[in-house]
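Step one of this worksheet: look at the structure below.
For ligands, and for the atoms within them, numbers begin at 1 and follow the listed sequence. Keep in mind the model is a prediction, meaning the values are calculated, not measured.
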Amino acid sequence: MDDVKDTKTALVTGANKGIGFAIAQGLGALGFTVAVGARDDARRDEAVERLRAAGVDAFGVALDVTSDDSVATAAKIIEQTAGRLDVLVNNAGIGGRTDGGAQDPTTLDLDVVRTVIETNVFGVVRVTNAMLPLLRRADSPRIVNMSSNMGSLTLQTGPPLAAYAPSKSMLNSLTAQYARRLADTNVIVNAACPGYVATDFTGHNAQRTPEQGAAIALRLATLSDDGPRGGFFDDEGVVAW
Ligand SMILES: NC(=O)c1ccc[n+]([C@@H]2O[C@H](COP(=O)([O-])OP(=O)(O)OC[C@H]3O[C@@H](n4cnc5c(N)ncnc54)[C@H](OP(=O)(O)O)[C@@H]3O)[C@@H](O)[C@H]2O)c1
């Protein structure tokens with residue numbers, strides 16, 4: 001008998017708080033073993049403890065999505081611990097500084113753009129490509145990219161934020177690229193919009209709870225094999241690109 005793990009394993013990046021923590025908790029409640037990706041040791045340990053106290057089979061993975069070394073080491077840890085990866089939720093994201101017109105397009109601070117793209121876009125590519133070999137070992141691998149309707153060129157929601165919004169537009173475009181590249185495989189990739197959610201990110205100035213924001217990610221992480229590919233979804237259905 002092969003020593004194959006029955007439990008499915010999910011990695012959530014930026015899982016120590018906010019929507020990522022709620023996704024980790026939700027996937028845990030669905031029976032996944034959850035790899036809690038977080039860059040800060042203390043915050044990661046605390047999140048793992050909280051998840052375990054809630055009955056989730058969780059383990060911590062040091063993960064800074066802006067670091068090649070960190071991401072490569074995280075992939076090794078997941079391989080050693082679980083042998084494969086069933087679900088990847090690319091949730092880690094930053095809004096970037098806005099003071100002094102830093103994200104006003106007419107006074108745009110390009111260092112802020114670089115920083116935001118490094119996390120929100122390059123971070124997703126870095127983590128996805130490091131985890132793909134492990135995802136390909138799963139029967140029904142799923143990748144969920146946490147985007148935002150602020151990245152929708154059709155909807156153009158929220159105030160102008162000329163680093164953050166384009167970072168999510170690019171993430172949406174990349175989601176489509178991955179889905180095209182992986183069309184002939186069992187790896188299903190989609191982008192999700194959580195809505196406007198009360199987290200540190202929004203200064204807790206929003207109506208939706210992290211659990212509500214997590215719901216669409218849980219749905220896309222558990223799509224059936226004939227589920228949609230390369231789309232952009234929220235709780236209401238398809239979000240316009
Ligand atoms: N809140 C909303 O209304 C809203 C709306 C649309 C989309 N989103 C998206 O949803 C995702 C989660 O947002 P949130 O509201 O939960 O934000 P949050 O509470 O600020 O949490 C962001 C998470 O990302 C992590 N992170 C940031 N940079 C990282 C890096 N380099 N490496 C690893 N982890 C990193 C943070 O870790 P630290 O604790 O170490 O900083 C934290 O765990 C983001 O992608 C965001 O763009 C949020």
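For ligand 1 and Met146, the ligand atoms under 4.0 Å from any heavy atom of the residue are 45 (O). Close contacts between ligand 1 and Gly18 involve ligand atoms 16 (O), 19 (O) [criterion: under 4.0 Å to a heavy atom]. Residue Leu63 has at least one heavy-atom neighbour below 4.0 Å for each of these atoms of ligand 1: 32 (N), 33 (C). In the vicinity of Asp64, heavy-atom distances shorter than 4.0 Å reach the ligand 1 atoms 30 (C), 31 (N), 32 (N). Those atoms of ligand 1 with a heavy atom of Thr66 less than 4.0 angstrom away are 31 (N). Residue Ser148 has at least one heavy-atom neighbour below 4.0 Å for each of these atoms of ligand 1: 6 (C), 7 (C). In summary, the atoms of ligand 1 found under 4.0 Å from a heavy atom of Thr202, numbered by their order in the structure, are 1 (N), 2 (C), 3 (O). Heavy-atom proximity to Gly195, at under 4.0 Å, picks out these atoms of ligand 1: 2 (C), 3 (O), 4 (C), 5 (C), 6 (C).
Under 4.0 angstrom from ligand 1, there are no non-hydrogen atoms of Phe21. Of the heavy atoms in Lys168, only side-chain atoms (C-beta onward) come closer than 4.0 Å to ligand 1. Of the heavy atoms in Pro210, none comes closer than 4.0 Å to ligand 1. Contacts with ligand 1 closer than 4.0 Å are made by heavy atoms of both the backbone and the side chain of Val197. Heavy atoms of Arg43 found under 4.0 angstrom from ligand 1 belong exclusively to the side chain.
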After noting the C-alpha distance and the side-chain angles of Leu88 and Leu135, does the key distance pass the side chain to side chain contact (heavy atoms under 4.5 Å, CB included) rule? CA-CA 8 Å; Leu88 167 63; Leu135 285 158; 4.2 Å; yes

Worked verdict on Asp64 versus Arg126 for salt bridge (Lys or Arg N to Asp or Glu O under 4.0 Å): CA-CA 10 Å; Asp64 180 340; Arg126 196 176 277 118; over 6 Å; no

Does Val112 form a side chain to side chain contact (heavy atoms under 4.5 Å, CB included) with Tyr164? I'd like the steps, not just the answer. CA-CA 9 Å; Val112 174; Tyr164 180 72; over 6 Å; no

Stepwise side-chain hydrogen bond (donor to acceptor under 3.5 Å, both in side chains) check, Asn90 with Thr13: CA-CA 6 Å; Asn90 286 307; Thr13 69; 4.6 Å; no

Run the numbers on Leu11 and Leu63 for side chain to side chain contact (heavy atoms under 4.5 Å, CB included), then give the verdict. CA-CA 10 Å; Leu11 168 65; Leu63 181 57; 4.3 Å; yes

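Taking any N or O of Ile94, backbone or side chain, none lies under 3.5 Å from an N or O belonging to ligand 1. Remark: ligand 1 and Ile19 share an N or O pair separated by less than 3.5 Å (distance only, no angle test). By the 3.5 Å distance cut-off applied to N or O atoms, Gly14 is counted among the residues near ligand 1.
Of the protein's non-hydrogen atoms, Gly93 O, 3.8 Å is the one closest to atom 22 (C) of ligand 1. Ranking the protein heavy atoms by distance from atom 7 (C) of ligand 1 puts Ser147 O, 3.0 Å first. Among all non-hydrogen protein atoms, the one lying nearest atom 47 (O) of ligand 1 is Tyr164 OH, 2.6 Å. Protein heavy atom nearest atom 26 (N) of ligand 1, with residue, atom name and distance: Ala92 CB, 3.8 Å. Of the protein's non-hydrogen atoms, Lys17 CE, 3.7 Å is the one closest to atom 21 (O) of ligand 1. In this structure, the protein non-hydrogen atom closest to atom 17 (O) of ligand 1 is Phe201 CB, 3.3 Å. Protein heavy atom in closest approach to atom 44 (C) of ligand 1: Asn91 O, 3.2 Å.
Closest non-hydrogen pair, Leu108 versus Ala162, comes out as CD1-CB, 3.8 Å. Between Ala179 and Arg229 the shortest heavy-atom distance is CB-C, 4.3 Å. A pairwise comparison of heavy atoms in Ala10 and Phe32 identifies CB-CD2, 3.9 Å as the closest pair.
Side chains of Thr175 and Asn145: a donor-acceptor N/O pair is present below 3.5 angstrom, by distance only.
For atom 43 (O) of ligand 1, the candidate residues are Thr13, Thr199, Asn16; the nearest heavy-atom contact is made by Asn16. With atom 30 (C) of ligand 1 as the reference point, the heavy atom nearest to it among Val127, Val65, Ile23 is part of Val65. Taking all heavy atoms of Glu118, Arg39, His204 into account, the minimum distance to atom 41 (O) of ligand 1 is reached by Arg39.
Salt bridge Arg137/Asp86: absent, no basic N to carboxylate O contact under 4.0 Å. Electrostatic pairing of Asp57 and Lys8 does not count as a salt bridge here, judged by no charged N lying under 4.0 Å from a carboxylate O. The existence of a salt bridge linking Glu46 and Lys17 is excluded, since no basic side-chain nitrogen approaches an acidic carboxylate oxygen closer than 4.0 Å.
Heavy atoms of Ala198 stay at 4.0 angstrom or farther from ligand 1. Residue Pro194 places a heavy atom under 4.0 Å from ligand 1.
With hydrogens and angles disregarded, no donor-acceptor distance shorter than 3.5 Å links the side chain of Gln207 to the backbone of Val197. Proximity of a side-chain donor or acceptor of Arg208 to a complementary backbone N or O of Pro194 within less than 3.5 Å is detected. Using modelled atom types, one side-chain atom of Arg44 and one backbone atom of Ala38 make a donor-acceptor pair closer than 3.5 Å.
Counting only heavy atoms from C-beta outward, the side chains of Asn172 and Trp241 approach each other to under 4.5 Å.
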